[in-house]
Every structure is written in structure tokens, then in C-alpha cells.
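Only heavy atoms go into these numbers, but all of them, side chains included; no hydrogens, no water, no symmetry mates.
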Amino acid sequence: MAVIKGSSAPAFAVPHVTALGLAAPSRGASETCAWRFTFAPGAPTDTTHMVDREEIFVVLSGGVTARLEGAEHLLVAGDALIVPPHTPFALGNPNDEPAELVAVLPVGGQAIMQDMEPFVPPWAR
């Protein structure tokens, strides 16, 4: 058993988003990864990508726009988004306040971005 305190979890920053690594193989998880995302206010919905395994997002606070299979969905606190494998999607925050989400993905799940080889995101290693 591993206990990961949020105050000591590693943080990873990409433009407009911070990921706080919670559960991953490097932190003792053998089957499921989990992390907490913070989307900055005004984060654009322009990073379309896919994952090779099902990924689930749960909005904790604020709201995000999800673009999935050609449709946009507004998600607010308490909502969940289930992204099937190999389905293009993007998330953004059109609001004036940060949005907090938890995401889960099976260990070994890979991100797939245009013109790049599939890779395991750093927060899921």
C-alpha cells in the first residue's frame, strides 16, 4: 500500500494545465493511474489527442469544455467524461476561474498526438 499526499505529489506543467501526479507505477500503482489536473482560466480547447485505453475525467470544481466525436460538451463539478480508446478529444476551460479535474487511466496507457509517436505522459509513469 502506498499513500500519496497531495502536498508531496510531483507536479507537471504544460501550457495552460498543471497535472499533479497521484497514482502511477513510480508511486506504487500497478493497475491504475490517477492525477489531478488544474486548467487555467481561458485554457483553449485546441490540443486534440487520443489515448490507447479508456480514460475517465471527473470535474471537481469549475467547468471545462470537452470536444469529443465532433460535439462540444460543457462539464461542471460532479460531471464525468468517459473517453473511449482511440477517440480524438480535447479539453479546455472557457471560464474566468480555474477548473479542477481528476483523471484515471490504466497503467501503461499511452497518449497519441498528431505527428508524434505514442507515449506515456510523465504523470502516468
Side-chain angles (χ1 to χ4, degrees):
M1 177 178 78
V3 175
I4 311 300
K5 296 284 192 176
S7 60
S8 63
F12 304 89
V14 296
H16 310 289
V17 180
T18 300
L20 190 63
L22 298 172
S26 64
R27 292 177 286 288
S30 61
E31 296 184 20
T32 307
C33 293
W35 49 89
R36 185 175 184 144
F37 282 124
T38 302
F39 280 73
T45 313
D46 64 356
T47 306
T48 300
H49 63 291
M50 298 182 289
V51 288
D52 67 347
R53 308 282 296 277
E54 179 179 84
E55 185 171 20
I56 300 171
F57 297 88
V58 178
V59 181
L60 301 176
S61 66
V64 294
T65 298
R67 192 173 55 238
L68 180 71
E69 298 181 327
E72 285 202 359
H73 308 274
L74 178 60
L75 305 171
V76 297
D79 292 346
L81 172 68
I82 301 169
V83 180
H86 302 284
T87 301
F89 76 101
L91 297 171
N93 179 4
N95 303 300
D96 294 331
E97 61 188 44
E100 300 277 341
L101 293 81
V102 166
V104 294
L105 180 74
V107 164
Q110 295 186 322
I112 304 165
M113 301 184 78
Q114 187 173 7
D115 299 326
M116 293 179 67
E117 290 294 319
F119 64 96
V120 175
W123 45 82
R125 294 182 190 150

What distance separates W35 CH2 from L101 CG, expressed to the nearest 0.5 Å? 12.0 Å
Heavy-atom check, side chain of P41 versus side chain of P98, under 4.5 Å: yes
Check for me, please, whether F12 and F39 land in the same ILVMFWY cluster - side-chain distances under 4.5 Å, paths through other members count. yes
Could you pull out the closest heavy-atom pair between N95 and V64, with the gap in Å? ND2-N, 4.4 Å
Can you hop from V14 to V51 via hydrophobic side chains spaced under 4.5 Å? yes
Closest non-hydrogen atom pair, G92 against T45: CA-OG1, 3.4 Å
Side chain N93, main chain A40, donor-acceptor under 3.5 Å: yes
Could you tell me which non-hydrogen atom of A66 sits nearest to which non-hydrogen atom of L81, and how far apart they are? CB-CD2, 3.8 Å
Stepwise, does the side chain to side chain contact (heavy atoms under 4.5 Å, CB included) test hold for H49 with F89? CA-CA 6 Å; H49 63 291; F89 76 101; 3.3 Å; yes
Atom CD1 of I82 and atom OG1 of T87: how far apart are they, to the nearest 0.5 Å? 12.0 Å
Side-chain heavy atoms under 4.5 angstrom apart, residues restricted to Ile, Leu, Val, Met, Phe, Trp, Tyr: same cluster for V104 and M50? no
Stepwise, does the side chain to side chain contact (heavy atoms under 4.5 Å, CB included) test hold for H73 with D79? CA-CA 11 Å; H73 308 274; D79 292 346; over 6 Å; no
Which residues pass the side-chain hydrogen bond (donor to acceptor under 3.5 Å, both in side chains) test with R27, not counting sequence neighbours? none
Please report the interatomic distance OG1(T48) to CG(L68), rounded to the nearest 0.5 Å. 10.5 Å
What's the separation between atom CG in L75 and atom OG1 in T65, rounded to the nearest 0.5 Å? 8.0 Å
hydrophobic_cluster_shared for V59 and V17, side chain cutoff 4.5 Å: yes
Classify the ring geometry of W123 against F37: parallel below 30°, tilted from 30° to 60°, perpendicular beyond 60°. perpendicular
So, does R125 use its side chain to make a donor-acceptor pair with the main chain of V120 at under 3.5 Å? yes
Give me the atom names and distance for the closest heavy-atom approach of G109 to P121. O-CD, 4.0 Å
Answer yes if L91 and L22 sit in the same cluster of Ile, Leu, Val, Met, Phe, Trp and Tyr residues linked by side chain heavy atoms under 4.5 Å apart, and no otherwise. no
Close side-chain approach of C33 and V107, heavy atoms under 4.5 Å: yes
If you define the side chain from C-beta out and look only at heavy atoms, does anything of M113 sit under 4.5 Å from T47? yes
Pairwise distance CD(E54) to NE2(H86) - rounded to 0.5 angstrom: 12.5 Å
